A.B. asks: 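The structure that follows is given in the form of structure tokens.
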Amino acid sequence: YSPFAYVTYGIVLSAVLKNQGQGYEFGLVSTRLLKKFETKKQVGRTTVAFNSFLRHWKVHLKDVLGPMEDTYSLARECGDLEYAAVTAFNQSFISFCIGKNLEHLDKKTARLSQNIKELNQHSSLSFIMLVHQAINNLIDVREEPWVLEGPVIREEDVLNTSEDSQGQTNSTALFILYFQKAFLSLYFRNEQVGVVFIDKAGEHLDAVISSWLQSIYYFLDSLIKLGAYDKAEKAEREIYMRRVLRNQKLMKKWSELAPT
């Protein structure tokens, strides 16, 4: 019995078949199998997959942070360096999205970034650097705070390296980039600019399907469209309202899954 196979099937149920409740149950089965068979080699990747893609459907994000911190140590001990790095990134980004104190988060993210750097995991390092730069933009506000350019990273560099030598696009990096730019645009009340960024993030949404970022994306999309509504043309208003109504249906469905 492979715990990782069970959690992978759970993710398929959630992401492809849109059955998040049953997907979560298969994720739980995978964690029980880990304890029963003591398959140490699979502990890191199985637990990371469950925490990143399934646990949040039934558990508040703030209660996902603790298990993720434990998982980082487990994955690193098991030699699953890629999954350890993913967990470190998730710790920072979840903390950002649930509103942790920025000064503390700035220090925590710097420490987690160093951990990822030591693991030599370049993709996760670029992801967490985007989060860190967004934190920096909130602490040290500049003229265009939705532009991710500063001491941590330059968005131009991310865009220039978003495609590898085989022509494959790093959709996860682009989603995080545009998600952060959309969030900052909303926070600083420039929803018209935010519409462009949230739509660009939506082009790469498949990269984070079933993860905790998916539901936050739809919520952010609605807030930005509603904020931009008054200054939009009539045709745009109709598009915005259709999007908001679609998002509301999805969020209503997901809210019925989670007791929190």
Side-chain angles (χ1 to χ4, degrees), residues 85-165 167-208 211-214 216-225 227-228 231:
V86 169
T87 298
F89 155 69
N90 274 321
Q91 285 181 54
S92 173
F93 208 175
I94 288 175
S95 297
F96 177 88
C97 287
I98 65 175
K100 291 287 188 179
N101 177 276
L102 287 173
E103 298 289 347
H104 294 161
L105 186 55
D106 183 38
K107 294 174 183 176
K108 178 179 180 179
T109 301
R111 175 174 53 80
L112 290 169
S113 297
Q114 184 58 37
N115 290 347
I116 294 173
K117 192 173 183 179
E118 290 171 2
L119 297 176
N120 201 30
Q121 298 297 311
H122 301 293
S123 292
S124 289
L125 182 60
S126 65
F127 301 162
I128 199 171
M129 288 172 73
L130 286 168
V131 177
H132 200 181
Q133 186 58 55
I135 295 167
N136 189 275
N137 283 21
L138 288 166
I139 294 172
D140 182 17
V141 181
R142 64 280 319 273
E143 187 175 349
E144 294 184 317
W146 45 85
V147 177
L148 293 175
E149 184 166 344
V152 181
I153 198 169
R154 296 170 66 245
E155 62 180 59
E156 185 180 344
D157 294 337
V158 177
L159 292 169
N160 289 339
T161 58
S162 63
E163 192 172 285
D164 63 23
S165 56
Q168 296 296 312
T169 300
N170 189 338
S171 288
T172 305
L174 291 175
F175 176 85
I176 296 166
L177 169 65
Y178 288 119
F179 177 95
Q180 292 289 47
K181 288 171 70 65
F183 171 83
L184 291 167
S185 300
L186 175 66
Y187 185 85
F188 290 102
R189 302 310 307 268
N190 192 335
E191 290 89 350
Q192 282 67 41
V193 171
V195 167
V196 176
F197 298 142
I198 198 67
D199 286 349
K200 283 185 174 292
E203 293 173 9
H204 304 282
L205 185 60
D206 282 351
V208 298
S211 79
W212 57 272
L213 274 166
Q214 180 186 2
I216 296 179
Y217 164 81
Y218 285 108
F219 181 50
L220 183 61
D221 184 44
S222 289
L223 292 178
I224 290 173
K225 295 300 194 302
K231 294 182 180 179

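Because the structure is predicted, anything quoted here is derived from the model rather than measured.
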A.B. asks: May I ask you to test the N170-T161 pair for a side-chain heavy-atom distance under 4.5 Å?
C.D. replies: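 A side-chain contact is absent here, since even the closest heavy-atom pair is not under 4.5 Å.
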
A.B. asks: Decide yes or no for D106 and H132: does some side-chain heavy atom of the first lie under 4.5 Å from some side-chain heavy atom of the second?
C.D. replies: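 Yes, at least one pair of side-chain atoms sits under 4.5 Å.
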
A.B. asks: Do any side-chain atoms of residues 133-140 form donor-acceptor pairs under 3.5 angstrom with protein atoms, and if so which ones, sequence neighbours left out?
C.D. replies:
residue : atom : partner : partner atom : Å
Q133    : OE1  : V152    : N            : 3.0
Q133    : OE1  : I153    : N            : 3.3
Q133    : NE2  : N137    : OD1          : 2.9
N136    : OD1  : R142    : NH2          : 3.3
N137    : OD1  : R142    : NH1          : 3.4
N137    : ND2  : P145    : O            : 2.7
N137    : ND2  : V147    : O            : 3.0

A.B. asks: Shortest non-hydrogen contact from A88 to L112?
C.D. replies: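 Of all heavy-atom pairs spanning A88 and L112, the closest is O-CD1, 3.5 Å.
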
A.B. asks: How far apart are the C-alpha atoms of K181 and E155, what are their side-chain angles, what is the distance that settles it, and do they pass the side-chain contact (heavy atoms from CB on, under 4.5 Å) test?
C.D. replies: CA-CA 10 Å; K181 288 171 70 65; E155 62 180 59; 2.9 Å; yes

A.B. asks: Could you give all pairs that pass the ring-ring contact (aromatic ring centres under 6.0 Å, His included) test and reach residues 90-122, with sequence neighbours left out?
C.D. replies: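 Matches after skipping sequence neighbours: F89-F93, F93-F179, F93-W212, F96-F183.
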
A.B. asks: NZ of K108: more than 12 outside heavy atoms within 6.0 angstrom?
C.D. replies: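 More than 12 within 6.0 Å, yes.
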
A.B. asks: Can you find a heavy atom in the side chain of K225 that is under 4.5 Å from one in the side chain of V195?
C.D. replies: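 Answer yes - side chains close enough.
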
A.B. asks: Could you pull out the closest heavy-atom pair between V158 and A173, with the gap in Å?
C.D. replies: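 Here V158 and A173 meet closest at CG1-CB, 4.4 Å.
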
A.B. asks: Starting at CD1 of I198, measure out to CD1 of I224 and round the result to the nearest 0.5 Å.
C.D. replies: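 So the CD1 of I198 and the CD1 of I224 are separated by 4.5 Å.
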
A.B. asks: How far apart are the C-alpha atoms of D199 and E203, what are their side-chain angles, what is the distance that settles it, and do they pass the side-chain contact (heavy atoms from CB on, under 4.5 Å) test?
C.D. replies: CA-CA 7 Å; D199 286 349; E203 293 173 9; 5.6 Å; no

A.B. asks: How long is the gap from CZ on R111 to NZ on K107, to the nearest 0.5 Å?
C.D. replies: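 Spacing of CZ (R111) from NZ (K107) equals 12.0 Å.
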
A.B. asks: In the structure I gave you, are the side-chain heavy atoms of L125 and N120 within less than 4.5 Å of one another anywhere?
C.D. replies: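 No; the side chains remain at least 4.5 Å from each other.
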
A.B. asks: Hey, what do you get for OG (S211) to CG (N90), rounding to the nearest 0.5 Å?
C.D. replies: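 Separation between the atoms: 7.5 Å.
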
A.B. asks: Output the distance between atom OG1 (T109) and atom CG (L102), rounded to the nearest 0.5 Å.
C.D. replies: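 Answer rounded to 0.5 Å: 9.5 Å.
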
A.B. asks: Please find the pair of heavy atoms, one from G202 and one from Y217, that lie closest to each other, and give the distance.
C.D. replies: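 That closest heavy-atom pairing would be CA-OH, 3.3 Å.
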
A.B. asks: Under the side-chain contact (heavy atoms from CB on, under 4.5 Å) rule, collect the residues that match up with S185, sequence neighbours excluded.
C.D. replies: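 S185 satisfies side-chain contact (heavy atoms from CB on, under 4.5 Å) with W146, V193, F197 only.
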
A.B. asks: Work out which heavy atom in E191 is nearest to a heavy atom in A228; give both atom names and the distance.
C.D. replies: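 Result for this residue pair: CB-N, 3.7 Å.
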
A.B. asks: Hey, could you give me the CD1/OG1 distance between I94 and T87, rounded to the nearest 0.5 Å?
C.D. replies: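 Answer rounded to 0.5 Å: 9.5 Å.
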
A.B. asks: Check V131 against S92 and note the closest heavy-atom contact, atom names and distance.
C.D. replies: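 Closest approach of V131 to S92, heavy atoms only: CG1-OG, 3.5 Å.
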
A.B. asks: How long is the gap from CG on L130 to CG on L148, to the nearest 0.5 Å?
C.D. replies: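 Reported to 0.5 Å precision, the distance equals 6.5 Å.
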
A.B. asks: Output, in order, the C-alpha distance, side-chain angles, deciding distance and verdict of side-chain contact (heavy atoms from CB on, under 4.5 Å) for N190 and L184.
C.D. replies: CA-CA 9 Å; N190 192 335; L184 291 167; over 6 Å; no

